[in-house]
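To start, the structure itself, in structure tokens.
Heavy atoms only: backbone and side chains are in, while hydrogens, waters and symmetry mates are out. Bear in mind the structure is a predicted one, so any value in this text is a computation, not a measurement. Indexing begins at 1, ligand by ligand and atom by atom, following the structure's order.
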Amino acid sequence: MSKGEAQATWGGRFSQRPNSLMQVFGESVSFDMRLAPYDLKCSLGHASMLQKVGLLTEQEFKEIEAGIHELFEEIKNDDFSWKLELEDVHMNLEQALRAKTEAADKLHAGRSRNDQVATDMRLFFKDACFQLKTSLEGSMIALLGLARKYPNLPIPGYTHLQRAQPVTVGHHLLAYIEALGRDHERFSRVVEHANVCPLGSGAIAGTTLPLDREFSAKALGFVDENGHALITPNGMDAVADRDIFLEFASACSTCALHLSRLSEDLILWNSSEFGYINLSDSFTTGSSLMPQKKNPDSFELIRGKTGRIIGNLTNLMITIKGLPLTYNRDLQEDKPPVFDSLDQLSQCLAVVAGCIESASFDEGKCRLSASDPLLLATDLADYLVEAGVPFRKAHHYVGALVALAEEKKLSLPELSDEDAGQVCEFLKADWREVFDLERAFSRREKPGMPGPNQIALRIQFWEGILQA
Ligand code: ARG
């Protein structure tokens, strides 16, 4: 290889070839090759602008356009040979285009790999968010399906992992649908923020060439709802900042955290101790030693992968932390974490959908656990409040009743009227009605509560949104 042969892009001022170790160390094509479709699209937009401003002839543009289309096909058909010594996706594609047309030598006018990669990544984020939003919808539809099957099945709700108040499976699953709905919105916001075109920033300070930035932005779809071009207002910021990366990785982390908490609930519910839910064989695994085991590995892996996805966000923040403006080669390391977050989260969402679709509740066990009268101790305090007792006092009375029942080894409603009346004079003959679970739910018919009508309404709301 002669000087500049492999490094046709920047080899001019070098008299020595890159050390082979440096080539291996410095390459990014092994991972940034997945940007190829965006890089080609970006080059096409840039080329059409160069033609518009007279820096490419129509013939040159046509040759570049045809070459880019051929490259699209080659890459799609896995018929492209990536060269490590060409460092990254940009230089591989530029050189491959050069082999098709000499006009490719004019393509990089007014452009740097810095604004090029910033543009490629914004195109990538738009697609990645779209993909994740579709996967999120799949998980939400699965959760909605399960909520629809058991909207009013009572289960204990927990705080501190102690039985707190009765809720329903509908209420509990809808809690996760609400959270995933916000994740969906978060990805839309990342798309909005990514929708600004850095092309024309050059390396940092633009160019003396008569570029038309609005034209390239429009060609690449960086437009507002009225079709007006959206372009970055500062060239240094445009090539140096990685806030869209952070927003994306953060949205992935938040979504993964929701899936992780859902997983933890399901792992608990699936244990013999709870026994609320059965997971299908297809998403559980056995033990190599203990023949009876059926482990909820799918959900454990989601919890585990959440650590990895959060790690990707941390990784990015640490990479960016000490960098002076503008581009520094450290930034080449910004891609693996976001690619990984996309891949891992997509898988997690698909696995959640599959697991949830095939899960079923053990209604008997759920009802049995939810029939614990202590879950309605707060309702008894409410009963006293309605009889005119200040809440703090009511709380105290009920606490004393709970202690008495414990002492007598009885459940709360098993206390005799006489014993209960000695602790609290405000209990009337009907005080045990409080422990009717259906009554308890029917009295919770305000928005946000687990009353059957509220659950039905919210299920309807999400059916509309998800068209499920
Ligand atoms: N592969 C490089 C990266 O992603 C492209 C930008 C290179 N810019 C440069 N000035 N060396 O960071």
Atom-level proximity to ligand 1, residues with heavy atom under 4.0 Å: Ser28, Asp32, Asp88, His90, Arg113, Asn114, Val117, Tyr327, Gln332, Lys335
Any pair counted as side-chain hydrogen bond (donor to acceptor under 3.5 Å, both in side chains), so long as it reaches residues 170-180, sequence neighbours left out: His172-Asp265, Tyr176-Asp265, Glu178-Arg458, Glu178-Trp462
Option passing ring pair (Phe, Tyr, Trp, His ring centres under 6.0 Å) with Phe361 (candidates Trp269, Tyr276, Phe274): Trp269
Between Gln59 and Glu63, a side-chain donor and acceptor under 3.5 Å: yes
From CA spacing to verdict: side chain to side chain donor-acceptor pair (under 3.5 Å), Arg111, Thr207: CA-CA 8 Å; Arg111 182 173 82 166; Thr207 173; over 6 Å; no
Closest contact, heavy atoms only, Leu331 versus Val239: CD1-O, 4.4 Å
Heavy-atom check, side chain of Ser43 versus side chain of Gln116, under 4.5 Å: yes
